Amino acid sequence: MDIAVVGVGYVGLVSATCFAELGAHVHCVDVDARKIEQLNQGVIPIYEPGLEKMIARNVTAGRLRFGTDISKAMPKAEIVFIAVGTPSDEDGSADLSYVIEAARSIGRSMTRYTLVVTKSTVPVGSSEMVRKAVREELTRRRLDIDFDVASNPEFLKEGNAIDDFMKPDRVVVGVDSDKARELITSLYKPMLLNNFRVLFMDIPSAEMTKYAANAMLATRISFMNDVANLCERVGADVSMVRLGIGSDSRIGSKFLYPGCGYGGSCFPKDVKALIKTAADNGYRMEVLEAVESVNEKQKNVLFDKFSAYYNQDIQGKQAAIWGLSFKPGTDDMREAPSLVLIERLLEAGCRVRVYDPVAMQEAGARLGDRVEYATDMYDAVKGADALFHVTEWKEFRMPDWTAIHKAMATPLIIDGRNVYEVPSERGFVLLNIGSSSI
């Protein structure tokens with residue numbers, strides 16, 4: 001099968017590469033000529049484990065191509081995926097301008113029946129806007145070409161995206177014609193053979209499923225952070241509480257880990273968009289409003305612990321930060337808790353020294369010379385008055401505490417991911433989430 005993917009951002013590039021791995025011939029299109037040039041030179045614009053080798057393998061096999069001209073992809077493509085960004089507008093709504101422009105470019109280049117599939121995260125009703133944009137462009141060309149529109153939201157986790165695509169919990173597809181269903185079934189046939197679930201439904205339900213899934217996961221995180229904050233005040237240990245409630249089969253243990261807040265390109269944006277969608281339809285998502293509020297407060301919890309420990313006398317203190325990306329396995333710093341912490345520290349007059357296994361280049365672009373950049377995790381703690389553990393990279397799990405104690409000015413560990421158990425007899429003070437209080 002020949003398909004085209006419009007947009008080579010995170011979702012588009014991973015999806016296109018995995019479709020090629022499954023045997024499809026994929027033409028990737030993006031308006032960013034520099035990004036396309038890099039891809040054609042073998043330079044991957046995102047960090048995702050295993051992706052670089054998979055791209056190289058499929059480019060060599062002739063199944064994966066990159067270009068800026070969608071008209072070159074349309075004559076052969078049976079299915080065209082729209083996988084462009086939908087950033088948040090100032091009012092929290094999803095900006096669909098890139099999606100609509102992609103739809104228009106498809107309509108301007110379509111030569112025969114095509115299934116247009118929205119893979120971008122879009123509010124309910126967006127597929128009808130895509131259908132309208134394509135039809136308007138065909139009308140301008142005075143052509144009456146049949147086409148269908150479908151919704152196929154992605155559920156990829158950064159850092160584990162390839163496995164998520166190739167071994168999915170489920171594939172959600174919204175269609176409104178038998179022909180569209182048959183085409184999607186043919187595309188996902190390798191997954192059907194492996195008994196993965198492809199769930200067909202109407203298009204609005206598919207669009208809503210994506211938002212509802214991310215909103216539920218964000219809700220579990222904020223709920224657990226709320227519980228953790230209460231545990232500190234009543235003398236309970238949130239780690240024990242998590243084990244207790246997670247053992248209930250109705251609840252389960254996933255996404256019940258307390259921490260310093262969620263970030264990334266999906267949860268913050270999608271929660272805002274769902275709240276705005278509800279408001280536009282005369283309804284208020286009160287639970288999600290609370291989820292968003294708790295998360296914003298939680299991003300300040302590490303700084304608050306640091307400030308309280310030093311009785312608010314922190315000007316001139318040196319802070320070491322381990323982990324800058326919003327989660328391990330990616331260099332993505334969008335909405336990352338580390339950014340909130342760094343801004344608070346700098347505003348308070350602290351010196352900040354940072355280290356992340358893969359996000360240092362991204363940090364440099366975002367933070368410039370306002371912070372110091374360490375060469376490794378041990379270099380970061382030299383002379384530090386506090387060590388903040390913000391992102392739970394594997395290399396941070398079993399540090400040499402003796403070397404760290406020797407290097408730090410004050411052996412204060414503030415663990416934003418509840419990974420460490422540092423014995424107090426070694427001279428450390430450990431503050432974490434949900435069991436330590438000052």
Side-chain angles (χ1 to χ4, degrees), residues 47-49 156-161 163-164 217-218 220-225 227-229 231-232 237-243 246 252-268 294-295 298-303 305-306 319-342 345 352-360 362-363 374 376-381 384 386-401 403-404 412-422 428 430-436:
Y47 176 84
E48 179 62 35
L156 307 178
K157 297 187 294 293
E158 292 189 40
N160 198 55
D163 270 357
D164 284 346
L217 297 176
R220 287 171 69 94
I221 293 170
S222 280
F223 171 77
M224 211 61 207
N225 283 334
V227 170
N229 295 336
C231 283
E232 292 186 8
D237 185 339
V238 73
S239 297
M240 297 296 102
V241 175
R242 181 185 64 80
L243 289 173
S253 60
K254 292 183 178 180
F255 282 82
L256 286 185
Y257 290 87
C260 49
Y262 60 76
S265 61
C266 294
F267 286 7
V294 168
N295 191 59
Q298 199 68 13
K299 290 182 179 181
N300 291 280
V301 71
L302 300 185
F303 176 84
K305 287 177 179 291
F306 171 65
I321 296 181
W322 282 357
L324 300 169
S325 56
F326 85 94
K327 61 177 284 188
T330 179
D331 62 351
D332 194 344
M333 290 180 63
R334 284 174 287 184
E335 303 278 349
S338 64
L339 294 174
V340 175
L341 172 61
I342 289 169
L345 290 168
V352 180
R353 193 165 173 81
V354 304
Y355 174 71
D356 187 284
V358 302
M360 296 295 269
E362 178 68 15
D376 59 40
M377 59 190 284
Y378 296 103
D379 182 42
V381 302
L387 165 60
F388 294 91
H389 177 225
V390 184
T391 311
E392 64 275 33
W393 286 94
K394 288 181 180 178
E395 72 176 67
F396 299 153
R397 288 185 182 176
M398 298 180 66
D400 182 342
W401 292 116
I404 290 170
L412 170 64
I413 312 297
I414 304 178
D415 183 4
R417 299 299 174 185
N418 285 8
V419 169
Y420 301 133
E421 294 181 8
V422 184
F428 286 98
L430 174 65
L431 306 177
N432 56 22
I433 310 295
S435 61
S436 297

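Each residue takes its place number in the sequence, starting with 1. Note that this is a predicted model, so its numbers are computed, not measured.
Counting heavy atoms from C-beta on, the side chains of P328 and F396 never come closer than 4.5 Å. Put simply, the side chain of I433 does not reach to within 4.5 Å of the side chain of V238, judged on heavy atoms. Residues F306 and L341 form no side-chain contact, since every pair of their non-hydrogen atoms from C-beta on lies 4.5 Å or further apart. Annotation: side chain of F326 is not in contact with side chain of L339 (no heavy-atom distance under 4.5 Å). At least one side-chain heavy atom of W401 sits less than 4.5 Å from a side-chain heavy atom of Y420. The side-chain heavy atoms of V301 and N225, taken from C-beta on, include no pair separated by under 4.5 Å. For the pair W393 and D356, the minimum side-chain heavy-atom distance is below 4.5 Å. Put simply, the side chain of V227 does not reach to within 4.5 Å of the side chain of P258, judged on heavy atoms.
Under a cutoff of 6.0 Å and an axis angle of 45°, R417 and Y257 do not form a cation-pi pair.
Between the OG1 atom in T330 and the CG atom in N160 there is a gap of 12.0 Å [rounded to 0.5 Å]. Here the straight-line distance linking atom CE of M224 with atom SG of C231 works out to 6.5 Å at 0.5 Å rounding. For the atom pair CZ (F388) and CG (L412), the distance works out to 7.0 Å, reported to the nearest 0.5 Å. Between R242 atom CZ and L256 atom CG the span is 7.5 Å, to the nearest 0.5 Å.
Pairs of residues two or more places apart, or lying in two chains, that qualify as salt bridge (Lys or Arg N to Asp or Glu O under 4.0 Å) and include a residue from residues 320-340 are K299-E335, D332-R334.
Nearest heavy atom pair, residue D415 against residue H389, reads OD1-ND1, 2.8 Å. Considering every non-hydrogen atom in both G264 and P268, the closest pair reads O-CD, 3.6 Å. Taking every heavy atom of both residues into account, W322 and A380 meet most closely at NE1-CB, 4.0 Å. Between A386 and I414, the shortest heavy-atom distance links the atoms CB-CD1, 4.5 Å. In terms of heavy-atom proximity, M377 sits nearest to P399 at CE-CB, 3.8 Å. When all heavy atoms are compared, the tightest approach of Y262 to N295 is N-OD1, 2.7 Å.
Between the side chains of Y355 and E395, at least one donor N or O lies within less than 3.5 Å of an accepting N or O.
The backbone N or O of A319 sits nowhere less than 3.5 Å from a side-chain atom of R353 that would complete a donor-acceptor pair. In this structure, E362 contributes its side chain and M333 its backbone to no donor-acceptor pair below 3.5 Å. A side-chain donor-acceptor contact under 3.5 Å links T391 to the backbone of S325. Within the 3.5 Å criterion, the main-chain N or O of L324 finds a donor-acceptor partner in the side chain of S338. Looking at Q298, its side chain never comes within 3.5 Å of a backbone N or O of C260 through a donor-acceptor pair.
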Checklist line | side-chain contact (heavy atoms from CB on, under 4.5 Å) between N229 and V294, intermediate numbers included | finding: CA-CA 10 Å; N229 295 336; V294 168; 5.6 Å; no
Check: Going through the checks in order, is the side-chain contact (heavy atoms from CB on, under 4.5 Å) test met by E158 and S265?
Finding: CA-CA 10 Å; E158 292 189 40; S265 61; 3.4 Å; yes
